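I have placed the structure first, in the form of structure tokens, so that the comments after it can refer back to it.
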Amino acid sequence: TIGVFCSIKEPTRGFMVLVLILLYPFLEIYSVMRVSEMIGGWETFWLLILGAFLGLHIIRSQGLSSWVTYQQQVQKGTATSQGPLQSILVLVGGILLLAPGFISDIFGILLIIPLTRQLFLNAIAGYLKNKIQNGQFKVYSQTTYYGDITPQYQRMKDVTPVTDKL
């Protein structure tokens with residue numbers, strides 16, 4: 001008998017991210033079309049506009065507010081490492097609401113709600129903790145010396161991460 005042996009490798013993480021990035025616009029368009037079939041075209045249009053205004057409002061109010069609160073905590077000495085991440089996630093949530101589409105709106109709302117935002121923070125903290133423990137998290141510094149045009153990159157060998165909940 002003649003056999004053909006074929007080795008199909010599992011797709012890499014980078015390939016999967018690329019596929020998701022390429023599929024995402026089609027998924028958003030499909031979700032908008034399905035919603036418009038269910039509730040009507042104008043209602044879908046106004047929901048998308050409402051989501052954009054909500055995102056803009058959240059970016060202007062909550063994003064700035066959480067950053068100011070974090071700066072006040074830093075001045076008092078009570079800040080945690082999650083403060084900037086909280087601000088960033090609220091900002092990303094507002095941007096996702098600002099973007100047209102219902103899938104982005106769902107993720108935007110999940111990032112804005114404090115309970116679900118904490119789940120995202122815990123996932124990010126766990127991911128970073130795993131990378132640090134495995135030595136896969138590298139910190140580089142960029143220094144330029146007087147008279148030198150090209151920056152010198154060097155790996156920082158003794159880096160102690162400052163973490164409070166990692």
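Predicted model only: the values in this text are computed from it and were never measured. Just so you know, these numbers use all the heavy atoms, side chains as well, and skip hydrogens, waters and symmetry mates.
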4.5 Å side-chain heavy-atom contact, [X] and [Y]:
{"X": "N122", "Y": "Q118", "result": "yes"}
{"X": "V92", "Y": "I88", "result": "yes"}
{"X": "H57", "Y": "F53", "result": "no"}

Query raised in the report: Do other residues, nucleotides or ligands put more than 12 heavy atoms under 6.0 Å from F120 CZ?
Result: yes
Query raised in the report: In this structure, are over 12 heavy atoms from other groups packed under 6.0 Å from Y24 atom OH?
Result: yes
Nearest 0.5 Å please: distance from the [atom1] atom of [X] over to the [atom2] atom of [Y].
{"X": "I112", "Y": "L91", "atom1": "CD1", "atom2": "CG", "result": "10.0 Å"}
{"X": "D105", "Y": "S31", "atom1": "CG", "atom2": "OG", "result": "9.0 Å"}
{"X": "L119", "Y": "I113", "atom1": "CG", "atom2": "CD1", "result": "10.5 Å"}
{"X": "L54", "Y": "I49", "atom1": "CG", "atom2": "CD1", "result": "13.0 Å"}

Identify the two heavy atoms, one from [X] and one from [Y], that lie closest to each other, and give their separation to 0.1 Å.
{"X": "R117", "Y": "L111", "result": "CD-O, 3.2 Å"}
{"X": "S104", "Y": "A99", "result": "OG-O, 3.5 Å"}
{"X": "T44", "Y": "G40", "result": "OG1-O, 2.7 Å"}

Query raised in the report: Per the side-chain contact (heavy atoms from CB on, under 4.5 Å) rule, which among L97, L96, T116 passes with I109?
Result: L97
Query raised in the report: Does E28 use its side chain to pair, donor to acceptor, with the backbone of F102 at less than 3.5 Å?
Result: yes
Transitive ILVMFWY side-chain link [X] to [Y], under 4.5 Å:
{"X": "L89", "Y": "L128", "answer": "yes"}
{"X": "L110", "Y": "I103", "answer": "yes"}
{"X": "M16", "Y": "I21", "answer": "no"}
{"X": "F107", "Y": "Y127", "answer": "yes"}
{"X": "L48", "Y": "M38", "answer": "yes"}

